[in-house]
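For reference, the structure discussed in these notes is given below.
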Amino acid sequence: MNFDEPVNRVGTHSSKWDLMERAFGVSPDDGLAMWIADMDFKAPDFLQAAVQGLLDKANYGYFSGVEEFHNAVGWWMQNRHGWAIDPKWIFTTYGLGNGIALTLHAFTDPGDHIATFTPVYHEFQVKIEKTGRVNTQLPLKQDPDGLYRMDFAAYDAMMTGKEKLLLISSPHNPAGRVWTQQELTDLAAFCQRHDLLLVADEIHHDLVFSGHKHLTAALAMPEILDRIVVTTAASKTFNIAGARTGCIIVPDDMLRARFNVCFKQYDISPNLLGTELTKAAYSPEGASYVDQLNTYLEGNYRIFKEAMDTIPGISFMPMQATYLSWANLAGTGMERQEYHDRIYKVARIAATPGHDLGKGGETFMRFNLGTQRHNVIEATQRLKDAFSDLQ
């Protein structure tokens, strides 16, 4: 796979490129889109072949064969993550945003509190608000190496007693943290102490850098398997979010029965394109592609980090996973508006403002490195120029 191949997505109804001017005032004519978690690479041949197969059949009506989709998900979980799942554990949703909202409806009531470790993927807050729940934000803290850590002693004191569910990002978006076994063991104890259901959003689970290993919640925390729900999809790994297909995996029988009651009320069923793309992705060809992709993304990260580390006052958090980099601009001494102006108006880069991601993100910016390397190199030069007076 040639990840360096230029792909012009402007004018293709790409949210990442065609909405950047509306969101940040950065024109796609001369700007770089580094915000929405979406990659710019051309779809690999095995995905194109899956779509061509649908075209060749020339029929988009009701379909069967969902069992093959479930089997593909099971194959992937077993071969890539060592997790043997039963197909009956899987619920297919209209993407993971829909899936997360469904878990909130199924397991909590309006007015209940949902705990999150912040800063975190902004859609957690959006889904909590839209479903009439309240977000108990538990800020992560940085250790001497600059990595986020969970601070359970502090969190115990912050819990209100109204929390029913804990929603986590694993690997973590926006910081690219891969939680360790000890951290997840401590997390399990925290859930037990506060009687919390754990919903683990593991959508970035395949995008892990060398020297690190993602641990799925169900395997890492068997002591609380009766209170674990895992959400995942092929959408981030293979850039097929437009197919709107996610998986909610519920291993526990009683928990699954509760979720099924809610799930049936919405009459949700898989869509043809999403199932075909996922089946093609979760394959030996897909596994080879992901290995190549991770090597490329890690290379982008190293180039970006090396350049960002030369700008005084900007602290770049070490990445272990994902393609989303997290930079703290507090050390520049600038007010938010000033460094936003330098990034949006001078560098012409559309990046995600950290204050949208909850407590602790106020002085950060998130940069999407899931793009061709020449774009990453161009972005580093623009940022160095925009902050050249700090050199």
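All residue numbers in this chain count up from 1 along the given sequence.
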So do [Y] and [X] actually touch side chain to side chain, heavy atoms under 4.5 Å?
X: L198; Y: L187; result: yes
X: K236; Y: H205; result: no
X: Q137; Y: M158; result: no
X: T185; Y: Q182; result: yes
X: P318; Y: D145; result: no
X: L140; Y: H172; result: yes
X: T12; Y: W17; result: no
X: P353; Y: Y344; result: yes

Got a donor-acceptor contact below 3.5 angstrom from the [X] side chain to the [Y] backbone?
X: E21; Y: P28; result: no
X: T237; Y: A234; result: no
X: Y289; Y: P44; result: no
X: D18; Y: H13; result: yes
X: H340; Y: F24; result: no
X: Q52; Y: A50; result: no
X: S283; Y: A280; result: yes
X: N368; Y: I36; result: yes
X: R256; Y: V250; result: yes
X: N59; Y: G61; result: yes

Inset, instruction - For the pair H194 and F190, name the ring-plane relationship: parallel under 30°, tilted 30 to 60°, perpendicular over 60°. - result: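 Because their plane-to-plane angle lies in the 30° to 60° range, the rings of H194 and F190 count as tilted.
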
Inset, instruction - Assign the ring pair F238 / Y282 to parallel, tilted or perpendicular, where the plane angle (0 to 90°) is split at 30° and 60°. - result: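 If you compare the ring of F238 with that of Y282, the planes turn out perpendicular.
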
What are the two closest heavy atoms between [X] and [Y], and how far apart are they?
X: T131; Y: A101; answer: CG2-O, 4.3 Å
X: S325; Y: F304; answer: OG-CE2, 3.6 Å
X: A220; Y: Q181; answer: O-NE2, 2.9 Å
X: P284; Y: W75; answer: N-CH2, 3.6 Å
X: Q292; Y: M1; answer: OE1-N, 3.2 Å
X: T332; Y: L329; answer: OG1-O, 2.7 Å

Would you indicate whether [X], at its atom [atom1], is surrounded by more than 12 heavy atoms from other residues, nucleotides or ligands within a distance under 6.0 Å?
X: Q48; atom1: CD; answer: yes
X: Q142; atom1: CD; answer: yes
X: K384; atom1: NZ; answer: yes

With hydrophobic residues grouped by side-chain heavy-atom distances under 4.5 Å, do [X] and [Y] end up in a single group?
X: W326; Y: V178; answer: no
X: V199; Y: L215; answer: no
X: L104; Y: I203; answer: yes
X: V208; Y: I168; answer: no
X: W83; Y: F91; answer: no

Inset, instruction - Establish, from distance only, whether the side-chain atoms of H204 and T322 form a donor-acceptor pair under 3.5 Å. - result: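 Side chains of H204 and T322: no pair found under 3.5 Å.
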
How long is the span from the [atom1] atom in [X] to the [atom2] atom in [Y], to the nearest 0.5 Å?
X: D341; Y: R336; atom1: CG; atom2: CZ; value: 12.5 Å
X: T352; Y: Y121; atom1: OG1; atom2: OH; value: 10.5 Å
X: E378; Y: Q372; atom1: CD; atom2: CD; value: 13.0 Å
X: L147; Y: M317; atom1: CG; atom2: CE; value: 7.0 Å
X: L167; Y: T116; atom1: CG; atom2: OG1; value: 7.0 Å
X: I85; Y: Q78; atom1: CD1; atom2: CD; value: 9.5 Å

Between [X] and [Y], is there a side-chain N and carboxylate O pair less than 4.0 Å apart?
X: D195; Y: R227; result: yes
X: R382; Y: D385; result: no
X: K16; Y: D38; result: no
X: R302; Y: E298; result: yes
X: R348; Y: D29; result: no
X: R342; Y: D389; result: yes

Legend entry - For A23, all residues meeting side-chain contact (heavy atoms from CB on, under 4.5 Å), sequence neighbours excluded: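 Checked A23 against side-chain contact (heavy atoms from CB on, under 4.5 Å); matches are W35.
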
Inset, instruction - Determine, stepwise, if the pair D112 / T108 fulfils side-chain hydrogen bond (donor to acceptor under 3.5 Å, both in side chains). - result: CA-CA 6 Å; D112 283 346; T108 66; 4.6 Å; no

Inset, instruction - Show your working on side-chain contact (heavy atoms from CB on, under 4.5 Å) between W76 and H81 and close with a plain yes or no. - result: CA-CA 7 Å; W76 189 261; H81 301 287; 4.1 Å; yes

Legend entry - side chain to side chain contact (heavy atoms under 4.5 Å, CB included) partner of P139, the single match among D151, T118, V120: T118

Inset, instruction - Kindly confirm or rule out a cation-pi arrangement of R373 over Y296, judged by NZ or CZ under 6.0 Å from the six-membered ring centre and within 45° of its axis? - result: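 Satisfied, under 6.0 Å and within 45°.
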
Inset, instruction - List the steps and the verdict of side-chain contact (heavy atoms from CB on, under 4.5 Å) for I343 and L383. - result: CA-CA 7 Å; I343 293 170; L383 289 167; 4.1 Å; yes

Legend entry - Check: F117 ring centre within less than 6.0 Å of F124 ring centre: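 Judged by ring-centre distance (under 6.0 Å), F117 and F124 do not meet the cut-off.
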
Inset, instruction - Could you please spell out the steps behind the side-chain contact (heavy atoms from CB on, under 4.5 Å) verdict for Y323 and L293? - result: CA-CA 10 Å; Y323 49 79; L293 173 64; over 6 Å; no

Inset, instruction - Apply the side chain to side chain donor-acceptor pair (under 3.5 Å) test between N135 and each candidate in Q125, K127, K359; give the one that qualifies. - result: Q125

Inset, instruction - Begin with the C-alpha distance, continue with both residues' side-chain angles, and end with the deciding distance and a verdict on side-chain contact (heavy atoms from CB on, under 4.5 Å) for T245 and L277. - result: CA-CA 9 Å; T245 301; L277 285 174; over 6 Å; no

Inset, instruction - Starting from the C-alpha separation in whole Å, work towards a yes-or-no answer on side-chain hydrogen bond (donor to acceptor under 3.5 Å, both in side chains) for R366 and N173. - result: CA-CA 9 Å; R366 192 188 75 175; N173 169 9; 3.0 Å; yes

